[in-house]
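Data first, discussion second: the structure below is written as structure tokens.
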Amino acid sequence: MTQIPPGQLATYGQIADRIGAYGRARQVGWALGRLPLPSPVPWQRVVNARGRISFSGSREGSDWIQREMLIAEGIPVDSEGRLPLGRYLWRPDASP
DNA sequence: TGATTGACTGGTC
DNA sequence: CGACCAGCCAATC
């Protein structure tokens with residue numbers, strides 16, 4: 001499944017690559033952006049490769065909700081929306 | 001049809 | 001680590 005495991009984060013690039021759309025991270029964000037709320041998609045676990053929540057002037061509300069959601073998932077989020085990527089980064093098929 | 005925009009990314013300073 | 005620039009593709013108006 002292309003969904004993201006709970007307690008883990010994924011970047012737009014990862015999602016794009018996962019769906020076979022390498023380099024189309026923008027379209028991923030665009031797609032999530034037009035998702036209705038609530039949505040069956042864990043958009044809340046999708047952040048940019050900078051390890052930060054992607055803010056947008058038109059999303060000043062939901063973006064903070066996303067921060068709260070991640071915190072609820074057990075992921076510490078900074079006041080600026082910074083996330084400990086590398087620690088919670090989703091690892092597709094990372095079976096030990 | 002064409003120009004513009006965008007929840008991005010990577011590399012460099 | 002933060003800021004800046006350049007590249008990239010698709011959807012929208």
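Because only heavy atoms are used, hydrogens play no part in the values below, and waters and symmetry mates are left out as well, while side chains stay in. All of these numbers come straight from a predicted model, not from anything done at the bench. The chains referred to below are lettered A, B, ... by the order of the sequence lines, with proteins before strands, and numbering in each begins at 1.
- R52(A) places its CZ atom 11 Å from the P atom of dC1(C), with the value rounded to the nearest Å.
- Taking both residues in full, the closest heavy atoms of P76(A) and P84(A) are given as O-CD, 3.2 Å, listed atom of the first, atom of the second, then distance.
- Residues Q8(A) and R91(A) approach most closely at OE1-N, 4.2 Å, considering heavy atoms.
- Both W43(A) and R50(A) lie near DNA chain B, and the one whose nearest nucleotide falls closer to the 5' end is W43(A).
- D17(A) places its CG atom 15 Å from the C1' atom of dC8(C), with the value rounded to the nearest Å.
- As judged by a 4.0 angstrom heavy-atom cut-off over every strand, R24(A) is placed among residues touching the sugar-phosphate backbone only.
- Interface limits on DNA chain B: the 5'-most and 3'-most nucleotides within less than 4.0 Å of chain A heavy atoms are dG6(B) to dG11(B).
- Residue G13(A) is in sugar-phosphate contact alone, with no base atom involved, counting any heavy-atom pair closer than 4.0 Å across all strands shown.
- Under a hydrophobic clustering in which Ile, Leu, Val, Met, Phe, Trp and Tyr are joined whenever their side-chain heavy atoms come within less than 4.5 Å, directly or via other members, L9(A) and W43(A) fall into different clusters.
- Across all strands, S62(A) comes closer than 4.0 Å to no nucleic acid atom at all (heavy-atom distances).
- Interface remark: the R26(A) side chain does not form any donor-acceptor pair with the dC9(C) base, using a distance-only criterion of under 3.5 Å.
- Both V41(A) and W90(A) belong to a single network of hydrophobic side chains, linked directly or stepwise wherever heavy atoms of I, L, V, M, F, W or Y lie under 4.5 Å apart.
- Take the nearest nucleotide of DNA chain C for R82(A) and for W30(A): the residue whose nucleotide is more 5' is R82(A).
- When rounded to the nearest whole Å, the span between CD1 of I19(A) and P of dA10(C) equals 11 Å.
- Scanning both residues, A49(A) and L85(A), for their nearest heavy atoms gives O-CD1, 4.0 Å.
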Check the pair F55(A) / W64(A) against ring pair (Phe, Tyr, Trp, His ring centres under 6.0 Å), numbers first and verdict last. CA-CA 9 Å; F55(A) 288 89; W64(A) 292 108; 5.0 Å; yes
